Amino acid sequence: MKLAIVGTGYVGLVSGACFAEFGYQTVCIDRDISRIESLNSGKCPFYEPGMDNLLSKHLNTTKLLSFSTSLSYSIINADIIFITVGTPSRRLDDDADLSYVWSVAEEIGKSIEKYSIIVTKSTVPVGTSKEIKKIIGNIVSKDLFDVVSNPEFLREGSAIDDFMRPDRVVVGTENEKSEKIMKELYRPLYLRETPVFNTSIETAEIIKYASNSFLATKIGFINEVADLCEAVGANVQDVSKAMGIDQRIGAKFLNAGPGYGGSCFPKDVKAFSSTAKKFKVDLSIINAVHKSNQKRVEKVAYKIIQHVKSKSVLSFLGLSFKPNTDDIRESSSIKLANYLQEKGYIINCFDPVAMENAKKEFINFNYFNNAQEACNKVDAIIIGTEWNEFRALNFSEIAKIVREKKIFDLRNIYDESELQKLGFEYYGTGK
Ligand code: NAD
């Protein structure tokens with residue numbers, strides 16, 4: 001089977017490399033020339049554990065993976081064409097911006113010459129795949145293609161493993177022919193007993209938004225419980241643990257913190273609610289989750305402002321929206337640092353891999369080469385992202401170089417008694 005993947009970002013590149021690992025000849029396409037040049041020279045444009053090896057293996061050794069900027073040339077022989085372009089929030093409202101998807105659909109329509117399946121892997125509102133069908137169908141005969149929805153659930157930071165060993169694969173189709181071909185595509189996973197869930201296109205589109213919105217709800221929920229714990233002197237970590245043991249609830253996504261961020265949850269929660277509104281359905285729970293998360297940064301900032309003098313120097317450890325990625329899109333740590341900078345605080349920072357991305361956008365932060373340097377002469381340390389390397393910082397040494405011994409452990413990765421022994425004032429989340 002020959003595959004073409006349009007949009008070589010996190011999802012496109014990981015999918016492409018993993019499909020090559022399954023043994024499929026795969027071409028990844030992107031309109032960003034420098035990205036394709038970098039990939040053709042074996043350099044991954046973002047940080048993702050394991051990606052460099054997989055890229056090198058399939059670009060240089062098996063030669064199953066290739067990269068191109070030409071959609072029309074690359075899709076001619078493809079049996080399956082994936083759309084994996086971004087679907088960010090629109091500037092003026094909460095809708096998903098589908099302009100990249102529409103333009104790819106049109107380009108595909110102008111270029112296909114033999115029967116292909118067009119698969120939407122980007123996260124798109126219900127109805128989008130059918131709209132793609134209309135766009136392409138206006139250009140070529142409907143016999144020349146089928147549309148399928150196959151939303152992606154990989155997580156940045158563990159994307160390869162998630163793709164190779166997913167909890168489930170969701171495939172929305174509208175006829176047996178495309179269902180059969182998709183089943184064949186995912187045979188390597190089927191053989192590993194991965195549940196492959198076949199459903200309608202609309203259901204598949206909704207599954208993705210419902211899943212992300214549900215996870216965001218868990219985070220929003222525990223964050224508000226954390227506020228109550230702080231108010232009454234309870235411990236949210238114990239609450240989460242005891243709740244999570246209940247198998248009906250589950251322990252994941254019950255860690256209180258500075259609010260959810262990243263390239264998916266914020267935009268997907270908004271788009272889910274906004275799509276529902278168009279069908280006159282009020283997703284009031286999801287609306288509340290969004291509002292609660294929006295207020296989160298200000299709430300956390302207020303706590304810091306109460307305990308740290310104005311114009312102080314703050315050391316932010318961690319800038320990426322979560323560990324093991326250099327993605328800073330909608331990062332809560334960065335939002336908080338920005339907010340505090342606007343209030344007159346000076347921001348020192350360090351992140352193991354996200355500094356280059358941050359430097360491009362946030363030129364007024366002071367960047368340091370390691371956590372210890374970023375803590376020199378500061379008035380408070382803020383742990384914004386729970387990178388493993390921040391879990392064992394040498395606080396006996398750090399205690400000697402800070403101006404004030406204050407730590408805001410937004411991710412609850414430290415035992416407060418250990419830091420208090422070293423003379424630190426410790427502020428966790430919800431405890
Ligand atoms: P991304 O921004 O990292 O990559 C998108 C790529 O598409 C970019 O490289 C861009 O240059 C390219 N592109 C845009 N228009 C193009 C065109 N006309 N032709 C060719 N290339 C074009 O996005 P991403 O994070 O990979 O997300 C892609 C989709 O997958 C989104 O809908 C997202 O919600 C969804 N998703 C993302 C994740 C994740 O963890 N990042 C996980 C699951 C699903």
Side-chain angles (χ1 to χ4, degrees), residues 4-18 27-39 44-49 51 67-75 81-90 95-111 118-125 128-129 132 135 149-163 166-170 204-205 207-209 211-213 215-216 260-272 275 320-331 357:
I5 298 186
V6 189
T8 311
Y10 283 90
V11 168
L13 179 56
V14 171
S15 306
C18 290
V27 53
C28 290
I29 301 135
D30 205 287
R31 60 179 187 174
D32 179 340
I33 297 168
S34 66
R35 173 160 287 215
I36 292 302
E37 275 173 1
S38 155
L39 284 162
C44 180
F46 50 79
Y47 175 82
E48 181 59 42
M51 198 59 226
F67 298 97
S68 171
T69 50
S70 166
L71 184 148
S72 52
Y73 175 76
S74 305
I75 69 163
I81 303 164
F82 290 88
I83 301 178
T84 52
V85 293
T87 49
S89 280
R90 273 205 312 225
D95 282 0
D97 177 353
L98 296 174
S99 53
Y100 304 111
V101 173
W102 304 147
S103 93
V104 168
E106 219 170 298
E107 270 190 84
I108 292 173
K110 286 179 193 155
S111 310
I118 321 295
V119 179
T120 322
K121 216 177 219 326
S122 295
T123 303
V124 292
T128 304
S129 303
I132 291 173
I135 292 174
S149 166
N150 171 217
E152 182 50 56
F153 296 90
L154 61 78
R155 295 161 299 174
E156 290 172 19
S158 54
I160 294 171
D161 206 47
D162 287 346
F163 195 95
D167 290 335
R168 76 319 204 174
V169 173
V170 173
E205 288 171 334
I207 288 171
K208 174 64 190 176
Y209 278 103
S211 302
N212 273 6
S213 299
L215 293 173
Y260 60 75
S263 65
C264 293
F265 286 3
K267 76 171 176 64
D268 292 348
V269 163
K270 286 194 279 179
F272 196 29
T275 304
S320 54
F321 85 93
K322 66 173 182 178
N324 296 324
T325 180
D326 61 356
D327 196 343
I328 57 165
R329 289 178 280 186
E330 298 280 323
S331 154
N357 284 342

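Here the structure is a predicted model, which means the values were calculated and not measured. Both ligands and their constituent atoms are indexed starting at 1 by order of listing. Counting begins at 1 with the first residue of the sequence.
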Backbone, side chain, both or neither: what part of Ser263 comes under 4.0 angstrom of ligand 1, heavy atoms only?
side chain

Minimum-distance pair of heavy atoms, taken over all atoms of Thr128 and Glu205
N-OE2, 3.6 Å

Looking at Asp268 and Ser213, what are the two nearest heavy atoms and their distance?
O-OG, 4.3 Å

Atoms in ligand 1 flagged as close to Thr87, the criterion being non-hydrogen separation under 4.0 Å:
31 (C), 32 (O), 34 (O)

Counting only nitrogen or oxygen atoms and a 3.5 angstrom limit, does Val104 reach ligand 1?
no

Show which atoms of ligand 1 fall inside a sub-4.0 Å distance from at least one heavy-atom site of Thr84.
28 (C)

For atom 38 (C) of ligand 1, the option (of Cys264, Gly7, Ala96) bearing the nearest heavy atom:
Cys264

Out of Leu13, Ile83, Thr123, Val101, who gets a non-hydrogen atom closest to atom 35 (C) of ligand 1?
Thr123

With heavy atoms of Ser103 as the reference, note each atom of ligand 1 found under 4.0 Å away.
18 (N)

Below 3.5 angstrom, do we get any N/O pair linking Arg155 and ligand 1?
no

On a heavy-atom basis, the closest approach of Val170 and Asn150 is O-ND2, 2.9 Å

Using atom types as modelled and distance alone, determine if a side-chain donor or acceptor of Ser74 lies under 3.5 Å from a backbone N or O of Ser70.
yes

So which bit of Asp327 gets within less than 4.0 Å of ligand 1, heavy atoms only: side chain, backbone, both or neither?
neither

Under 4.0 Å from any heavy atom of Gly86, which atoms of ligand 1 are there?
5 (C)

If we number the atoms of ligand 1 from 1 as shown, the ones under 4.0 Å from a heavy atom of Glu152 are 43 (C), 44 (C)

Decide whether an N or O pair under 3.5 Å exists between Arg329 and ligand 1.
yes

Enumerate the atoms of ligand 1 whose separation from the nearest heavy atom of Lys208 is less than 4.0 angstrom.
43 (C)

List every atom of ligand 1 that sits less than 4.0 Å from any heavy atom of Ser122, numbering the atoms from 1 in the order shown and giving each element.
29 (C), 30 (O), 32 (O)

Could you tell me the separation between the CD1 atom of Ile36 and the CD1 atom of Ile33, rounded to the nearest 0.5 Å?
9.5 Å

Between Asp30 and ligand 1, is there a nitrogen or oxygen pair with a distance under 3.5 Å?
yes

Is the number of heavy atoms from other residues, nucleotides or ligands under 6.0 Å of Phe46 CZ greater than 12?
yes

At less than 4.0 angstrom from any non-hydrogen atom of Val11, what atoms of ligand 1 do you find?
26 (O), 30 (O), 36 (N), 37 (C), 38 (C), 42 (C), 43 (C), 44 (C)

Heavy-atom contact check, 4.0 Å cutoff: does Lys267 meet ligand 1?
yes

Heavy-atom distances under 4.0 Å are what count here, so tell me which part of Pro151 touches ligand 1: side chain, backbone, both or neither.
neither

